Amino acid sequence: MRTSQLFIPTLRQTPSEAEVISHRLMLRAGMIRKVAAGIYTYLPLGLRVLKKIECIIRQEMNRTGAQELLMPILSPAELWRETGRWDFYGKELLRCQDRHDRDFCFGPTHEEVITDLFRREIRSYRQLPMNCYQIQTKFRDEIRPRFGLMRGREFIMKDAYSFDANLESARLSYQKMYDAYEQIFTRCGLHFRAVEADNGMIGGSMSHEFMVLAATGEETIVYDEHGSYAANVERAEVPPPPEENDATSLPLEAVHTPGTKTVQAVCAFLQISPDRLVKTLLYQTPTNDIIAVLIRGDHEANEIKINRFLETTGITLASMETVSNVSSAPVGFAGPVGLRGIRIVADHAIKAMRNFVVGGNKHDTHLINANWERDFTVEAFLDLRQAQAGDPSPRSDTRLQEAKGIEVGHVFLLGTKYSETMHATFLDPEGQETSAIMGCYGIGVSRTAAAAIEQNHDSKGMVWPVPIAPFHIHLLPVTASEQVRKTVGRLYDSCIEAGLEVLWDDRDERAGVKFNDADLIGAPFHLTIGDKGLAQGILELKQRNTGKVVQLRPTEVLSHVKDLLSSYDLPHG
RNA sequence: CGGGGCGUGGCGCAGCCCGGUAGCGCACUCGCUUGGGGUGCGAGAGGUCGGCCGUUCAAAUCGGCUCGCCCCGACCA
């Protein structure tokens, strides 16, 4: 393509609305423009990147035997009412009505629609396993869209759904997708990690997230050195500590601790370290029950784990009023001793503790030398806290480390959650009607493009991984002589003939402008053609990621670039 | 939805407190100039100051309402 004929409205200054780097650079490079909050137009340059990612995804999905189809964006409320998600999904599900007042929604995901298709068409185990996928615009009415393409309301997603006759087969389908995802993100040139994850709203029994590692990631993951364990912190298991403590119990004692509302303040006042203190968190369940959760002072509670234990979703920390009613003290002094009529559960770290400090359920008072066997009753000890760097790995004898990641893919083993409620059944070899075992698998295509930028950029602009770069080579004539024009024209033609994706900056601009735009757009190779070089019969080829420049004769350029590209598994089609 | 901030030519901003001719930089058009990291000079085009209502002789500026956007918290590809 020639720049003069491509719609690439680059910007010298960043629009003030953009905060994160991928958003800023995509706006500046003329890849996207905002239409409304979280809703964007993809301009030609942006679309080229998306198409490349889609192409890689298609190739790898097809390779697993999955079949592409395309479901509608709009789907009728009845399907969602069947699974209960019409109510359960909440406000994120964008709804609308047609002229007959019939309810519809804009698909945020398509389990209902695909399961409906399955139950209408599939009769026999002989038709299984089956895996169908689509690449489509999804809509989620996010509470707060932000970060450009990283969290839009409308976004492009690849979603796949597998149906199997039995669990072993379903696990195999899951593994196939897992492997395909590793292949896809590897081919995209991204540095990523697959981690164990929570199933959340989608449900099911097992899931992994694929995280692109980047300092700006919203997710925190933990992993051990051997690679034997990696998980989202919200999911990560924390093994129970050894019960080494056999200190004798000392007498319980109330201590006046004026104004010490935080763990830090209490510890400073009593001159103890936070791991000698137990904090008592009062949570309110959706059914308005109160439950006390005991967590060691230097640990953080994990609400997902608490939810899972209670078999609910949506617990919240109790309000200040509730806390003072329940504990007869302001927030900061609640404790398990003497809490009447309230369930008490504890993180299993508490089990190993003796003679610890707790709130006194009285203003400005804490208790020292508390012991759970003697002073209060714990309903259950279990894993309720957030994993953190330095914790022991649950799978090896090394310690966990932390990293930030951007979730670009998520695979779920769903089981029969949808097939049972929607009666998606088939006849097994014994003639028994059986519910299909399902899996579902998503990739955020537009988010992957943004994540690639978050991971690969410098102060000048984007540095695209070769396989998803909008162009392979950027031709930059820096002087306007006849000789330069002819050389560039010939090179451009030969690049096209050789199947290279070439962008020719044929604008009447100064060298500096072209260099800056080229660095911003971030094609892997920049070829500078000027009179100075041509006088010695050479051109300069710069590699965007390393900045390394090699001097080449015009006749050498093509084979040199093709050689450099040959080591990549480039998308085609 | 709670907390914070912002809406002034395409982009980045000043002006607003203290009401009186709408301004700067970049981009855009034309001419000359320059030509290997955002040339220089000159001449232009482009804005009902987010919208509505009010106060006033007079509103970008003061008051009320409203819409939109961004950032921080609870959701997710």
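All values reported here derive from a predicted model rather than from experimental measurement. In what follows, every chain begins at residue 1, and chains take the letters A, B, ... in the order their sequences are listed.
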Within the structure shown, what part of the strands sits under 4.0 Å from [X] by heavy-atom distance: base, sugar-phosphate, or nothing?
X       : result
D508(A) : base
G38(A)  : nothing
T316(A) : nothing
G409(A) : sugar-phosphate
G530(A) : base
E540(A) : base
T448(A) : nothing

Notebook entry, point to check: Are any of the side-chain nitrogens in K404(A) or E219(A) under 4.0 Å away from the carboxylate oxygens of its partner?
Noted result: no
Checklist line | Basic-acidic side-chain contact under 4.0 Å: R485(A), D506(A) | finding: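 A salt bridge is absent here (no side-chain N lies under 4.0 Å from a carboxylate O).
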Note to self: Taking atom CD as the centre, does Q175(A) end up with more than 12 heavy-atom neighbours from other residues, nucleotides or ligands that are less than 6.0 angstrom away?
What the structure shows: yes
Note to self: Can you tell me if R171(A) has over 12 outside heavy atoms packed within less than 6.0 Å of its CZ?
What the structure shows: no
Rounded to whole Å, please give me the gap between [atom1] in [X] and [atom2] in [N].
X       : N       : atom1 : atom2 : result
H410(A) : rC75(B) : NE2   : C1'   : 14 Å
N302(A) : rA74(B) : CG    : P     : 13 Å
I53(A)  : rA77(B) : CD1   : P     : 18 Å
H208(A) : rA77(B) : NE2   : C1'   : 17 Å
Q136(A) : rA77(B) : CD    : P     : 15 Å
F185(A) : rA77(B) : CZ    : P     : 12 Å
Q483(A) : rG36(B) : CD    : P     : 14 Å
R24(A)  : rC11(B) : CZ    : C1'   : 13 Å

Which of these nucleotides, [options], is closest to any side-chain atom of [X]?
X       : options                   : value
I143(A) : rA74(B), rG12(B), rC72(B) : rA74(B)
R28(A)  : rC75(B), rA77(B), rG38(B) : rG38(B)
F155(A) : rC72(B), rG37(B), rA77(B) : rA77(B)
F412(A) : rG37(B), rA77(B), rG36(B) : rA77(B)

Interatomic distance at [atom1], [N] relative to [M], whole Å:
N       : M       : atom1 : answer
rG51(B) : rG4(B)  : C1'   : 23 Å
rG23(B) : rA58(B) : P     : 23 Å
rG38(B) : rC32(B) : P     : 24 Å
rG68(B) : rC57(B) : P     : 35 Å
rG50(B) : rG7(B)  : C1'   : 6 Å
rU66(B) : rA74(B) : P     : 28 Å
rG2(B)  : rG40(B) : P     : 50 Å
rU8(B)  : rC70(B) : P     : 14 Å

Notebook entry, point to check: With a 4.5 Å heavy-atom cut-off, do L414(A) and E111(A) have their side chains touching?
Noted result: yes
Notebook entry, point to check: Can you find a heavy atom in the side chain of R187(A) that is under 4.5 Å from one in the side chain of P467(A)?
Noted result: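 SC-SC contact between R187(A) and P467(A) ruled out.
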Check: So which of V49(A), I453(A), I21(A) actually passes side chain to side chain contact (heavy atoms under 4.5 Å, CB included) with M462(A)?
Finding: I453(A)
Next item on the list: With sequence neighbours excluded, tell me which residues meet salt bridge (Lys or Arg N to Asp or Glu O under 4.0 Å) with K305(A).
Entry: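 For K305(A), the residues satisfying salt bridge (Lys or Arg N to Asp or Glu O under 4.0 Å) (neighbours in sequence not counted) are D383(A).
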Across all strands, who's sitting opposite [N] as a Watson-Crick or G-U wobble pair, both distances under 3.5 Å?
N       : answer
rC1(B)  : rG73(B)
rA43(B) : rU29(B)
rC6(B)  : rG68(B)
rC24(B) : rG12(B)
rC62(B) : rG54(B)

Checklist line | Residue met sooner reading RNA chain B from 5', once F147(A) and E92(A) are mapped to nucleotides | finding: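 Upstream on the strand: F147(A).
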Check: Taking the nucleotide of RNA chain B with the closest heavy atom to each, which residue, G148(A) or I443(A), is nearer the 5' end?
Finding: G148(A)
A cation-pi test, strictly: NZ or CZ of [X] under 6.0 Å from the centre of the six-membered ring of [Y] and no more than 45 degrees from its axis. Yes or no?
X       : Y       : result
R193(A) : Y223(A) : yes
R140(A) : F155(A) : no
R95(A)  : W86(A)  : yes

Protein N or O to nucleotides 67-69 of chain B N or O, pairs below 3.5 Å:
| unit_1 | atom_1 | unit_2 | atom_2 | d |
| --- | --- | --- | --- | --- |
| rC69(B) | OP1 | A37(A) | N | 3.0 |
| rC69(B) | O3' | K34(A) | NZ | 3.0 |

Next item on the list: Using a 4.0 Å heavy-atom cut-off, write out nucleotides 23-31 of chain B from 5' to 3' as B (base contacted by protein), S (sugar-phosphate only) or - (no contact).
Entry: --BSS----
Note to self: Any donor-acceptor pair, under 3.5 Å, between the side chain of E219(A) and the base of rC76(B), if you only look at N and O atoms?
What the structure shows: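 Checked by distance alone, the answer is yes.
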Item checked: Pairs involving residues 519-528 of chain A, ordered by first then second residue, that meet side chain to side chain donor-acceptor pair (under 3.5 Å) (sequence neighbours left out) -> D519(A)-K542(A)
Next item on the list: Can you tell me which residue pairs pass the side chain to side chain donor-acceptor pair (under 3.5 Å) test with a partner in residues 12-21 of chain A, sequence neighbours excluded?
Entry: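 Of all non-adjacent pairs touching residues 12-21 of chain A, those that pass side chain to side chain donor-acceptor pair (under 3.5 Å) are E17(A)-K34(A).
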Item checked: Between H208(A) and Y178(A), ring centroids under 6.0 Å -> yes
Checklist line | Ring centroid separation H23(A) to Y40(A) under 6.0 Å | finding: yes
N/O (side chain, [X]) to phosphate O (OP1/OP2, [N]) under 4.0 Å:
X       : N       : result
T479(A) : rG36(B) : no
R146(A) : rG73(B) : yes
R140(A) : rC75(B) : no

Item checked: Contact list for RNA chain B against residues 510-523 of chain A - heavy-atom distance below 4.0 Å ->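 Heavy-atom cutoff 4.0 Å gives R510(A), A511(A), G512(A), V513(A), F515(A), N516(A), D517(A), D519(A).
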Notebook entry, point to check: Is there a donor-acceptor contact under 3.5 Å linking the side chains of T83(A) and E112(A)?
Noted result: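 Side chains of T83(A) and E112(A): pair found under 3.5 Å.
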